[in-house]
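The chains referred to below are lettered A, B, ... by the order of the sequence lines, with proteins before strands, and numbering in each begins at 1.
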Amino acid sequence: MDRPAAKIGLKHGSGGRAMRQLIEDVFLTLASPVDGIGLSALDDGAAIRVGDRWLVVTTDSHVVHPIFFPGGDIGRLGVSGTVNDLAMMGATEPLGLTCAVVLEEGFPRSDLERVVASMRETAREANAPIVTGDTKVMGKGEVDGIVLNTTGVALTDRVVSDAGLRPGDLLIVTGTIGDHGMAIMSRRHDLRLEGDLRSDVAPLNGLVREALRAGGEDVVAMKDPTRGGVAGVLHEMAAKGKVGIVIDEAALPVRDEVRAASEMIGIDPLLVANEGKAVIAVRARSADKVLAALRGHPLGASAAVVATAIAERPGAVILDTGFGRRMLAEPEGELLPRIC
Amino acid sequence: MCLGVPGKVVAIDGMSATVDFFGVRKELRLDIVDEPVSIGDYVLNHVGFAIRRIPPDEVQETLALFDQILDVSGAKADLMAQDVRGEIAAAKHKA
Amino acid sequence: MAAKDLFQELKFRDPVRARALAEAIAREVAAIGRRVSVMHVCGSHEQAIARFGLRAVLPPELELIMGPGCPVCVTDGPEVDEAVALAVQGARVCTYGDMLRLPGTARSLADAQADGAKVEIVYSVSQAVELAEKHPGDEVVFLGSGFETTAVATAAVALARPPKNFSILSVHKYVPAAMAVVAESKETNIEGYIAAGHAAIITGWGIFEPFAARTGKPVVVAGFEPLDILAAILKLTELMRARKPEVANVYPRCVTKEGNLPAQRTLWKAFRTVTGRWRGIAEVRDGNLDLTPEYAHLDARKRFRIDTTPVRDDAAEEAARGCICGAIMLGLANPGDCALFGKSCVPESPVGACMVSSEGQCRIWHTYGGVPDLRKVGT
């Protein structure tokens, strides 16, 4: 039994086991019954029954640093993150997004305008109107640059949870993994790596729409592998579906530069954040159809089947390395470069 | 002992070299490498320092070493059969 | 050339050769005719073995034990307390990433950082020097962790006349001492050793010859790709079967007999071996690397009066004496045999090295409830 920490640490925000424990121990006390999927489901968002449809709601705060990074910025991340959380629950037509910012005194106006321009463009891409917002300013040093929160709402006929996995189902990733996290890490930790490491941040609702159109009810679970990476998502799906998962390592699509950078700092791409990818679980009989639909879309060109759900070892995620098999541990906390 | 990754030297500036690790580039210090390093050489990186200049024909030499070890233990014949079977299968697949 | 192609080209990850090597290992072990135990002493070897699932391809009669070879894991609680104390006293402490969360007797550098201390992660010791140049008003202390491969980098920086506000808190360790600890234990049943490939780049493989002669056990030097490790294990089992206490270099592309002489000169100018305590293993003769008197001016322990009283927990240190990592690392005990396992020693607050390392025996047992056999899963 892990003893609860007296103080919140960075690990509590990293999407791994520590964060999950904190949410279960502290935040779940907020849960109350809801006609639909509420807080206790710990899904990407909530789904509340409205008539014969579902209202899907999700919220996200963004604190990424640097705020401008290769491939994107906090604005694009803010819009994409929320659009994608809605899409992961099957809601691909957002009704509206909110945009709340907390700014640090001294934050450059030109940076703010650049972030907002990026939000505008991404919202247009996703066909997701930004309908309301809020602005606060805190004193110098009281907040780090900018904190951006976006909330999204959408209606859907069918909610796809992340708990629907059954033995025999196949798991697809919609493209190359580890791009976003490696791009951020190579900048942040002063690793000074030069190369084409750029974030994949993008709104996925169009891509997901195609997958749902092709697979229908055979699309049984979806989740986007942000903090905690593909490993984190597979652990959640395995736990909630009470199945084991075996990953075929050779099938994982990874860009050469991401592979090279990850070898250098000793961090597995499976653990690293993605902001423009989804993990989609399908009944085996529809896998080919869904894969073809994904590959036909510009954001899904590298989509691939990478894992299978099995009946044994429920909750375990196993990696078949091509040489042998091993357990893939749940992501622990903030990822740190390794020297040994 | 610890994380050591091979890369190719693409530029040198005094005690500092730019090294390409299969698509990602980094500056390394040359203070402790065992031999003088030139552009095009492969070096092993450990915590930002080159600790070894890897001789150019090391790939073939290493493979030969592996095969020799297999030979001594009587496994070489099996390996060759595997390779041949693999080639036949690949040829069939392409046809 | 694309990275994936190059790795295939390098063929050090070729599954076909891997299978052949694994089958040959099985034959050698069968010829020996009983259970045998071999040991490696390198955290990166364990990472590679675990990462590629290599234990799943080795015969069950061959026990491949991880010895005391993860320098982070064997860094003792009181050593971390010194770094934490300096951070709390106001120094800017620079550390490699994998040391950040290592607990001292009470706290880690991450805990100190959360409380507002200046703790920075660096990828290279040269960055710590740059930080000293950038912050002339701060005392910048570099926490030097790692074995001799990493100590050489620290030594290079020491020799290059770093700025006056820069100093080194050395917790570097010396890997041949790890093997000696194991070999000298009366109860050990280790019959062969896999030496750390990258440390051997620096020291050369010649230093293992007296060890092999003294212990009567063979030593192989292995690289870190899956084929490197399998080929080395095969060579080791051959030597064990033939009862030849020899040293075989199975990493010739990087390791030579004499090693990297410029690096050795640099290392031994700045450092010397001293006896020290390794986490969970008590005294290790010549196990630690301290700065030489010539470089005392860079030694944080001499420059500062380090007071660990506010940051250490003596009761915890006392309790830690119940740790049996030493025996576990020799393959003489299981995590379940340890009184602290799962109670005072858990991943969130590890006491011994075996629980610190993500590939440590105790950590794996605690996470997976034993050592999972995945051979038949999903087939």
Side-chain angles (χ1 to χ4, degrees), chain A residues 1-11 17-18 21 167 188-193 244-246 249-250 254-261 263-268 307-313 316 318-330 332-340, chain C residues 2-7 13 15 18-19 22 42-44 47 50-58 69-72 96-101 110-111 113-115 120-124 127 130 145-147 149-150 198 226 230 342 346-349 358 363-364 367-368 372 374-378:
Chain A
M1 196 72 221
D2 293 338
R3 290 194 293 269
K7 289 209 181 138
I8 302 302
L10 288 175
K11 62 181 176 178
R17 190 162 56 106
Q21 202 136 12
R188 214 197 268 165
H189 274 296
D190 216 21
L191 291 173
R192 298 192 200 143
L193 298 174
I245 293 180
V246 180
E249 194 171 20
V254 184
R255 293 183 65 233
D256 293 340
E257 288 83 354
V258 169
R259 197 187 293 281
E263 300 257 340
M264 285 181 69
I265 61 179
I267 291 178
D268 194 334
T308 311
I310 57 174
E312 304 133 276
R313 299 192 162 262
I318 296 158
L319 187 67
D320 189 328
T321 67
F323 298 94
R325 291 231 180 89
R326 65 169 177 106
M327 304 287 282
L328 183 68
E330 210 179 338
E332 281 278 317
E334 211 189 346
L335 295 172
L336 295 167
R338 184 168 69 79
I339 60 141
C340 193
Chain C
K4 214 181 205 155
D5 290 327
L6 193 54
F7 273 124
R13 300 189 179 187
R19 226 177 345 259
C42 177
S44 289
Q47 290 278 347
R51 182 188 158 189
F52 292 103
L54 293 181
R55 281 198 177 84
V57 303
L58 295 174
C70 165
V72 169
Y96 292 127
D98 46 11
M99 288 292 285
L100 184 72
R101 294 194 291 233
D111 294 330
Q113 190 184 49
D115 281 340
E120 310 239 18
I121 294 176
V122 293
Y123 175 78
S124 170
Q127 282 169 14
E130 286 168 18
S145 59
F147 282 115
T149 342
T150 322
H198 291 149
L230 290 173
V346 286
E348 295 287 292
S349 57
S358 55
R363 171 74 78 103
I364 290 174
T367 311
Y368 301 120
L374 302 173
R375 267 171 255 251
K376 297 282 184 303
V377 165

Exercise. Salt bridge or not for Arg51(C) and Glu263(A), using N-O below 4.0 Å?
Worked result: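 A salt bridge is present here (some side-chain N lies under 4.0 Å from a carboxylate O).
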
If one checks every heavy atom of Ala316(A) against chain C at 4.5 Å, the contacting part turns out to be neither

message = Report which part of Asp115(C) has an atom under 4.5 Å of a heavy atom belonging to chain A: side chain, backbone, both, or neither.
response =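 Answer is side chain: those atoms of Asp115(C) sit under 4.5 Å from chain A.
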
Counting heavy-atom pairs closer than 4.5 Å to chain A, which one of Pro226(C), Ala114(C), Ala56(C) comes out on top?
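The residue among Pro226(C), Ala114(C), Ala56(C) with the greatest pair count is Pro226(C).
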
Q. Quick one: does Arg13(C)'s side chain get under 4.5 Å of Phe323(A)'s, heavy atoms only?
A.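 Contact flag for Arg13(C)/Phe323(A) side chains = yes.
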
Value for CG (Leu54(C)) from CZ (Arg325(A)), rounded to nearest 0.5 Å, stands at 14.5 Å

dist Met264(A):CE -> Tyr123(C):OH (nearest 0.5 Å) comes out at 4.0 Å

